[in-house]
There are 2 protein chains.
Amino acid sequence: MSTRPTSDALTQAQDQFVAVWGQMGSAWGISRTMAEVHALLYITGEPLCTDDIMERLEISRGNASMSLRALLEWGIVSRTHKRGDRKEYFQAEQHVWTLFRAIVRERIKREVDPLMASLYEIRDITQPHQRADARPSFAPPAAIADHNRRLDEMIDFFRTLETLSQGFVSPSGRGLEIAASVLSGSVTGPRAAEPARPGEGESL
Amino acid sequence: MSTRPTSDALTQAQDQFVAVWGQMGSAWGISRTMAEVHALLYITGEPLCTDDIMERLEISRGNASMSLRALLEWGIVSRTHKRGDRKEYFQAEQHVWTLFRAIVRERIKREVDPLMASLYEIRDITQPHQRADARPSFAPPAAIADHNRRLDEMIDFFRTLETLSQGFVSPSGRGLEIAASVLSGSVTGPRAAEPARPGEGESL
DNA sequence: CTATGTTTTCAGAAGAGATTGAAAGAAAAA
DNA sequence: TTTTTCTTTCAATCTCTTCTGAAAACATAG
């Protein structure tokens, strides 16, 4: 029927990869189509134009356009041109680790950073304007103290995570050693958060 | 109006934490309510029953029940009882790193493992039944060879990621050293996948 | 300038996922 | 046993996200 044989081994493998990658994407908060477009560009390895993508994935022009723009914003797909052709072509980052780094970097920027900001704001509600030198005159009530400890632990965790991620994100391998040392420091010993812990953590 | 003052600092901080955590959850493929229930249990730190949660989050009984069951399945919330009370109470894992490990472990199990299985299947389409001793008589066409290389790189990446994660997941700090060494081996040199090296998994 | 080819936008349609609420199920007390 | 209390289930409903398609915007050539 179609001009392109749809059942050769390569095409079949590509289609399956696209489906699987799309599935994965949607489990991680990325729209299925966007993940599929990326999968197609990655697995074919060659630059494709909007019409190629529309045809292959059977999606509308609008959808293709928006997905591509989003992928460009994530920095994991780039534009190219073919000479004598007015169309834009798109190709995906081919190094998996570079791809991974770009994704981690973006998600941190978009989700973790704002989260941190919110957490600091929340901390200010019960620990207002706490400067290092200014000791509070009265100890806070136990409920507040507990709350503060939990919140601080959470903040501490995300700070560590952010530091850690710099190991992945940095283009040189350098940051990795930092990350590794942070890991051994922080993960190994979940630390003195609980003095005499009643032992609820292990079995969970 | 209500018996509980809704505007004291602690309550306000808790509500805000719940909102922020719910937001974060939904960006990561977890239903907002489920994340909110978890947030509430984490930040209050004390066991709550279904009715407490329904009231505080203004959700239906069915929703509360389902969210709690899901959280139990994730292993980040546990059941408790109060003596003289027939109701079930729930409390959240209080160690942030333990919580993190549980989440990573579950997501790997639910998403990465099936993905890996699919990737292996896809590989079999273009590299069928490739046994170590049986060399193919003819080299595959370039398009297939390229495809295979890309797919192998992806598989290699997820294998590394899985190994890495064992460092986080293992309750002892031991696995961490492994993770760190994998990191320095694989991340630092992402390029090694291209040239002409047949054995793809040295340390794995 | 107009004509032609290409990309973006966005209101409405379609679809996916979350939530409710009432009924059924379970378990402990009487 | 029956009653009471609490928990789970699931079809119907609602909500939010994604997708479409046609129009508008843009760009290049002539």
Side-chain angles (χ1 to χ4, degrees), chain A residues 18-41 47-74 77-91 107 110-111, chain B residues 18-41 47-74 77-91 107 110-111:
Chain A
V18 166
V20 159
W21 199 244
Q23 183 95 52
M24 168 107 302
S26 62
W28 287 85
I30 287 144
S31 102
R32 205 193 77 260
T33 302
M34 186 175 148
E36 284 183 354
V37 171
H38 175 262
L40 181 63
L41 290 171
L48 301 177
C49 71
T50 308
D51 293 81
D52 295 333
I53 293 165
M54 287 169 59
E55 192 197 321
R56 185 75 183 266
L57 300 181
E58 298 181 80
I59 58 175
S60 71
R61 185 171 300 283
N63 198 1
S65 173
M66 285 175 126
S67 296
L68 284 167
R69 191 158 46 69
L71 289 168
L72 289 169
E73 270 161 25
W74 277 77
V77 158
S78 54
R79 297 178 203 263
T80 7
H81 291 276
K82 282 187 178 167
R83 69 170 60 167
D85 191 338
R86 271 164 70 178
K87 282 204 283 292
E88 280 188 315
Y89 285 74
F90 300 89
Q91 65 186 337
R107 295 209 79 146
R110 291 171 190 217
E111 286 138 29
Chain B
V18 166
V20 159
W21 200 243
Q23 182 97 51
M24 167 108 302
S26 61
W28 287 86
I30 287 142
S31 100
R32 205 192 77 259
T33 302
M34 187 176 147
E36 285 182 353
V37 171
H38 175 261
L40 181 62
L41 290 171
L48 300 178
C49 70
T50 307
D51 292 82
D52 296 334
I53 293 164
M54 287 169 59
E55 192 198 323
R56 185 76 183 266
L57 301 181
E58 299 181 81
I59 59 174
S60 71
R61 184 172 300 284
N63 198 0
S65 172
M66 287 176 126
S67 296
L68 284 166
R69 189 159 47 70
L71 288 167
L72 290 169
E73 271 161 25
W74 277 77
V77 159
S78 56
R79 297 178 204 263
T80 11
H81 291 276
K82 282 187 178 166
R83 68 169 62 165
D85 192 337
R86 273 164 68 179
K87 283 202 283 290
E88 280 187 316
Y89 286 74
F90 300 89
Q91 66 186 339
R107 295 208 80 146
R110 290 170 192 219
E111 286 139 28

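Just so it is clear, the structure is predicted and the values come from calculations on it, not from any experiment. Labels below follow one simple rule: chain letters A, B, ... track the order of the sequence lines, proteins then strands, and each chain is numbered from 1.
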Rounded off to whole Å, could you give me the [atom1]-to-[atom2] distance for the [X] and [N] pair?
X: I30(A); N: dA16(C); atom1: CD1; atom2: P; result: 19 Å
X: R83(B); N: dA28(C); atom1: CZ; atom2: P; result: 17 Å
X: M34(B); N: dA18(C); atom1: CE; atom2: C1'; result: 13 Å
X: E73(A); N: dT8(C); atom1: CD; atom2: C1'; result: 13 Å
X: D51(A); N: dT6(C); atom1: CG; atom2: P; result: 8 Å
X: F90(B); N: dT8(D); atom1: CZ; atom2: P; result: 6 Å
X: L72(A); N: dT8(C); atom1: CG; atom2: C1'; result: 13 Å

Are more than 12 heavy atoms, taken from residues, nucleotides or ligands other than Q23(A), located less than 6.0 Å from that residue's CD atom? no

If you restrict it to nitrogen or oxygen atoms, what contacts under 3.5 Å exist between nucleotides 27-30 of chain D and the protein, and what is each distance?
from, atom 1, to, atom 2, distance (Å)
dA27(D), N3, R86(A), NH2, 3.3

Answer whether the closest heavy-atom distance between the side chains of L40(B) and W21(B) falls below 4.5 Å. no

Is there a side-chain contact between E88(A) and T50(A) (heavy atoms, below 4.5 Å)? no

Classify the nucleic acid contact of S31(B) as base, sugar-phosphate or nothing, counting any heavy atom under 4.0 Å across all strands shown. sugar-phosphate

Any N/O pairs under 3.5 Å between the protein and nucleotides 20-24 of chain C? List them or say none.
from, atom 1, to, atom 2, distance (Å)
dT20(C), OP2, S60(B), N, 2.8
dT20(C), OP2, S60(B), OG, 2.9
dT20(C), OP2, N63(B), ND2, 3.1

Heavy-atom closest pair, residues S78(B) and L72(B): CA-CD2, 3.8 Å

Check whether any side-chain nitrogen or oxygen of T33(A) sits under 4.0 Å from OP1 or OP2 of dT18(D), and answer yes or no. no

Kindly write out the residues that satisfy side-chain contact (heavy atoms from CB on, under 4.5 Å) with D52(B), not counting sequence neighbours, or none if the list is empty. L48(B), C49(B), Y89(B)

